[in-house]
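Letters A, B, ... mirror the listed sequences (proteins, then strands); counts begin at 1.
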Protein chains: 2
Amino acid sequence: MVRPTRKKQIPNLQEAIKKTAWKQIAEHGAPALSLRAIARELNITAPAIYNYFPDRDALVTELIIDAFTSFGDSQLEARDSVATEDLTGRFKAIGIAYRKWAHGYPQRYQLIFGTPIPGYEPPVEKVFPSSARSIMALFSVVESFRAAGKLTANTYPSVKKEYQAHFDLWRSQIGEVHPVSHFVAMLIWARVHGIVSLEIQGNLPPFGTSGDDLYLYELDSIARQFIKD
Amino acid sequence: MVRPTRKKQIPNLQEAIKKTAWKQIAEHGAPALSLRAIARELNITAPAIYNYFPDRDALVTELIIDAFTSFGDSQLEARDSVATEDLTGRFKAIGIAYRKWAHGYPQRYQLIFGTPIPGYEPPVEKVFPSSARSIMALFSVVESFRAAGKLTANTYPSVKKEYQAHFDLWRSQIGEVHPVSHFVAMLIWARVHGIVSLEIQGNLPPFGTSGDDLYLYELDSIARQFIKD
DNA sequence: GAATTAAATATACGCTGTATATTTACAGTG
DNA sequence: CACTGTAAATATACAGCGTATATTTAATTC
């Protein structure tokens with residue numbers, strides 16, 4: 001039997017492949033992702049996957065886009081769960097949601113912000129929209145602070161010529177964001193990412209302090225440094 | 001010929017293997033590390049490596065320890081290049097050195113702080129001494145600030161019971177460090193790591209700002225938040 | 001009903017880490 | 001100097017991987 005009859009086939013195999021991939025990533029981590037293992041679990045042969053994804057990297061790219069979308073959903077949801085006027089509340093909400101999502105889906109976090117797949121390099125142009133959207137929540141809140149005159153920072157380094165194109169791309173995707181907001185949002189992102197990535201990789205607990213306390217302290221530090229009350 | 005005469009053998013093969021491994025990591029990145037490729041380059045067979053390292057992970061562990069040692073050297077050197085009394089100068093020096101080392105050896109940085117080797121989990125007990133030493137420079141400077149009454153932070157979250165053993169281990173390795181210094185040093189480390197890791201992974205340039213400016217701004221933010229002048 | 005297309009299998013290649021058995025250079029001892 | 005034991009290498013093999021190619025057949029279309 002070279003090809004099973006439609007009745008015995010898995011409907012929507014493309015989705016089934018991605019679903020199985022996520023399952024295996026959750027169970028054994030992203031580096032263990034294997035097309036052959038996916039095929040085994042789905043009772044198909046490995047090359048069959050090539051009908052749906054040109055190669056392994058294409059599958060990984062899809063997974064990354066899905067992860068960014070899930071992450072972005074949680075960020076936007078957190079932001080919009082707080083009244084528009086309560087900017088500080090919105091900031092804290094997305095801050096908490098950031099870490100919560102990372103802890104809920106550590107492998108997805110690694111997939112997005114780490115480099116856990118051996119030879120894989122994400123194609124920026126494909127991943128960009130979903131990644132830009134996911135960080136949009138933070139950018140928009142910072143921009144709201146600035147528009148309301150509540151941002152303490154007013155100086156910022158100029159955009160480097162060689163990055164200007166990227167910068168413009170960002171602005172086109174995210175909407176009008178003042179450079180100072182852009183700069184502050186990046187700084188905040190780096191701080192939040194610093195703690196969370198150390199936590200996720202298991203480098204924080206050895207230091208004796210729970211990530212909870214450290215993280216809340218840091219969110220507070222950020223608010224006190226950048227927000228006028 | 002099953003075994004070449006001593007004259008044709010490579011002297012100190014253990015070191016030669018590590019050296020070749022570093023060369024390949026520098027050229028093709030850590031994920032591409034392959035025992036067979038190392039063996040090819042050394043004109044030996046792959047199983048010969050097993051006379052010097054029980055398996056691939058043992059080799060990787062050695063490389064990680066070497067990387068931590070190199071990193072620690074650069075940190076301690078930076079600290080000691082500034083007079084003991086000039087605490088702020090020492091802080092900036094190790095801050096600058098941190099990023100400089102990371103940019104000089106991005107693959108080593110990834111090897112230490114990322115997870116670029118597929119199935120590899122570092123054995124904490126083996127890596128701990130060199131890793132603790134490498135971060136000791138920062139801890140010691142923060143502790144000096146505290147001892148001199150120049151640390152602004154005075155509250156800190158208590159150490160969680162489940163992490164107490166790790167915390168004690170750290171103190172035994174690093175020397176007497178007040179919990180508040182411990183806490184502040186961790187926060188600083190997380191901030192510095194946040195920017196640098198985003199940079200190294202190429203997630204920063206798309207935002208339009210050079211890492212230089214962002215990093216210096218952050219070092220300044222840290223100093224202003226935690227150091228009384 | 002025939003031709004076309006799409007989706008699967010079958011097979012194969014070169015790569016990986018590594019387990020096992022075998023060979024041989026060398027060191028130590030009588 | 002001959003013998004023996006050990007250590008360090010090779011040879012071989014196995015199971016896994018991604019993926020290229022050719023083949024087969026179910027389903028669709030004219």
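Distance B:His28 NE2 to C:dT16 C1': 16 Å, rounded to the nearest Å. Regarding B:Asn51, its CG atom lies at a distance of 16 Å from the P atom of D:dT6, rounded to whole Å. Taking atom CD1 of B:Ile38 as the reference point, atom P of C:dT16 lies 11 Å away to the nearest angstrom. Distance B:Tyr50 OH to C:dT16 P: 12 Å, rounded to the nearest Å. Put simply, CG on A:Asp57 is 7 Å from P on D:dT19, counting in whole angstrom units. In this structure, A:Phe53 atom CZ and C:dA7 atom C1' are separated by 15 Å, rounded to whole Å. Following rounding to the nearest Å, A:Asn12 (CG) and C:dA7 (P) show an atom-to-atom distance of 12 Å. A straight line from CD1 of B:Ile44 to C1' of D:dA9 spans 9 Å, rounded to a whole angstrom.
Here A:Ile49 lies out of heavy-atom contact (under 4.0 Å) with every strand. As judged by a 4.0 angstrom heavy-atom cut-off over every strand, B:Leu59 is placed among residues making no nucleic acid contact.
Here the nucleotide nearest the side chain of A:Leu13, chosen from C:dG17, D:dT19, C:dA8, is C:dA8. Counting only heavy atoms from C-beta on, A:Arg36 has its side chain closest to D:dC17 among C:dG17, D:dC17, C:dT18. Of the candidate nucleotides C:dT18, D:dT19, D:dA8, C:dT18 has the atom nearest to the side chain of B:Arg56. Between D:dC17, C:dA8, D:dT21, one nucleotide has an atom nearer to the side chain of A:Tyr52 than all others, and that is C:dA8. Listed nucleotides C:dA8, D:dA9, C:dT16 differ in distance to B:Ala48; the shortest reach to its side chain belongs to D:dA9. Side-chain proximity of A:Ala37 to the nucleotides D:dC17, C:dG17, D:dT10 is greatest for D:dC17.
By the 30° and 60° cut-offs, the orientation of the rings of A:His193 relative to B:His193 is parallel. Using a 30° and 60° split on the angle between ring planes, A:Phe68 and A:Phe113 fall in the perpendicular class, above 60°.
Using a 4.0 Å cut-off between charged side-chain N and carboxylate O, A:Asp212 and A:Arg99 make a salt bridge.
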Residues A:Ser197, A:Tyr109; criterion side-chain hydrogen bond (donor to acceptor under 3.5 Å, both in side chains); working and verdict: CA-CA 8 Å; A:Ser197 70; A:Tyr109 192 85; 5.6 Å; no
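Side-chain contact between A:Glu143 and A:Glu176: absent, with no pair of heavy atoms (C-beta onward) separated by less than 4.5 Å.
Position along DNA chain D of the nearest nucleotide to A:Pro54 versus A:Arg40 favours A:Arg40 as the more 5'-ward residue.
OP1 or OP2 of D:dG18 sits under 4.0 Å from a side-chain N or O of A:Ser34.
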